[in-house]
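Below you'll find the structure, written out as structure tokens, and then a few comments.
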Amino acid sequence: MSASPLRLRFAPSPTGYLHVGGARTALFNWLLARKTGGKFLLRIEDTDKARSTDESTRAIFEGLTWLGLDWDEEVVFQGANLDRHRADAERLLATGKAYRCFCTAEELQTRRAAAEAAGGAFVYDRRCDALPKDEIARRVEAGHAFVVRFRVPAGDTSWDDLVHERITFPNKDIDDFVILRSDGTPIYNHAVVSDDIAMGITLVMRGDDHISNTPKQILLYEALGAALPRFGHLPMIHGTDGKKLSKRHGATAVGDYQHLGILPQAMVNFLALLGWSPGGEFEEVMTMERLVAAFSTDGLLRKASVFDPKKLEWMNGQHLARLPIAEVAARVTPLVVAAGYTTEADLEARREWWHTLLELLRVRVRLLDEIVPMAETYFREAVTYDPDAVAKQWKDPAALGPLLAATRETLAALPTWEAAPMEAQLRALAEQKGVGTGKLFQPLRVALTGQATSPGLFDVMLVLGRERSLARVRAAEQVLAGMVAAG
Ligand code: GLU
């Protein structure tokens with residue numbers, strides 16, 4: 001790679017949301033720029049006015065910002081560069097590298113149909129390239145519509161791809177492609193090359209789906225007399241069924257994951273491992289700093305990668321467990337407030353308690369949102385009993401009632417409300433009553449939380465506090481008495 005700092009870019013078309021494939025391309029360019037002290041530039045390819053929307057441009061900015069992929073220099077809007085695109089096409093006309101084509105769309109369509117009917121592929125036959133100069137001048141003068149076609153030279157076009165190594169296309173397979181439409185607007189390949197040259201891009205890293213564009217772009221660089229960048233084509237992303245990732249596989253927009261409770265650092269970590277590996281044995285859970293340090297184009301993989309939502313969830317759980325608790329609180333507070341459990345002011349006033357509860361819950365979930373229903377019981381006065389938990393743990397109400405009453409008395413007699421004495425006394429009680437601790441602890445858990453699973457029993461009692469814990473056990477005794485009475 002050249003010694004001068006790399007100039008990389010992400011060049012999305014704002015015709016939809018920011019797709020995970022696009023985000024992965026952006027991430028790899030960003031990582032390489034940050035790793036090497038280069039620049040990461042953003043270009044919005046909005047020349048297709050019919051399909052480009054401001055909303056989509058906003059979604060791209062938001063998605064990149066959420067992921068923490070900041071760009072250097074001003075955003076380039078391709079549509080603002082039409083004059084240069086035209087000037088570059090004019091230059092190719094002036095130097096004889098391109099020619100005007102007056103064939104109409106209908107004529108071309110007829111010839112295409114004929115070629116296909118004869119079993120061949122249509123290639124433009126260069127008839128307009130053969131027009132005499134004065135005839136061309138006459139038609140231009142008379143206002144005939146024309147497109148500008150690039151005259152593809154003989155030979156082969158090759159490059160050393162960063163991912164695929166050497167790739168060669170015989171030029172005879174490349175049609176004299178249009179670079180400027182009859183309305184003077186550029187075709188994709190021409191606009192991209194004109195902009196990449198103007199932006200001084202030194203490495204073009206993008207999806208595999210662009211491989212067939214690259215020989216055309218290389219020919220344009222050469223014709224324009226510009227230095228070639230390097231190219232790297234990233235493998236496609238497939239769903240778990242091995243097919244190209246699409247909406248059929250579920251959410252494919254970065255914004256969707258943001259709203260599903262995925263943390264940006266988990267998304268980044270997950271995307272980084274789609275088509276790249278640090279090599280050897282490595283720890284999959286990585287911070288952004290670690291990714292920057294480990295990233296290298298040597299680790300780019302050739303084969304398609306698989307987008308497994310389960311793995312993303314797992315990754316999220318890993319990052320969630322490592323997040324500073326104040327950050328977990330900042331993310332979950334609005335959710336529990338929206339769920340109507342409490343107010344922000346209440347949580348602010350009981351900050352330490354809230355953080356303790358979050359410490360207990362965050363290790364039990366993979367997605368932030370899953371904390372919300374788990375947190376509910378700690379905010380409510382009364383317990384809502386899960387019928388399955390009751391059926392499983394309160395099978396013998398007649399025996400359990402007195403056992404819970406004894407439990408409550410034991411807890412009430414504790415001089416302090418701390419986990420160690422709680423545990424010691426309840427274990428002693430179980431032994432004295434001749435029951436296994438599980439036979440005491442599991443029904444007690446249902447009494448305290450209404451659920452068959454929860455954080456550690458003693459942690460739960462600490463978070464609930466003495467009064468509420470004792471009140472809940474008493475309430476459970478009443479429910480059990482009711483069950484006995486009902487037979
Ligand atoms: N605008 C193109 C796209 O969204 C990418 C252009 C490029 O990276 O060269 O697929």
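Order of listing sets the numbers, starting from 1, for every ligand and every atom in it. Atoms considered below: every heavy atom in the structure, side chains included; atoms not considered: hydrogens, waters and symmetry mates. Just so you know, these numbers come straight off a predicted model, no measurement behind them.
With sequence neighbours left out, Trp159 forms a side-chain hydrogen bond (donor to acceptor under 3.5 Å, both in side chains) with Asp161.
Looking at heavy atoms from C-beta onward, Arg445 lies out of side-chain contact with Gln451 at the 4.5 angstrom threshold. Residues Phe122 and Arg111 form a side-chain contact, since some pair of their non-hydrogen atoms from C-beta on lies under 4.5 Å apart. Looking only at side-chain heavy atoms (C-beta outward), Leu260 and Leu367 stay at 4.5 Å or farther from each other.
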Take Trp354 and Asp346 through the test side-chain hydrogen bond (donor to acceptor under 3.5 Å, both in side chains) and record every step on the way to the result. CA-CA 10 Å; Trp354 177 221; Asp346 169 50; over 6 Å; no
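Using modelled atom types, one side-chain atom of Thr202 and one backbone atom of Arg7 make a donor-acceptor pair closer than 3.5 Å.
In this structure, ligand 1 sits under 4.0 Å from heavy atoms belonging to Arg9, Ala11, Pro12, Ser13, Glu45, Tyr188, Val192, Arg206, His210.
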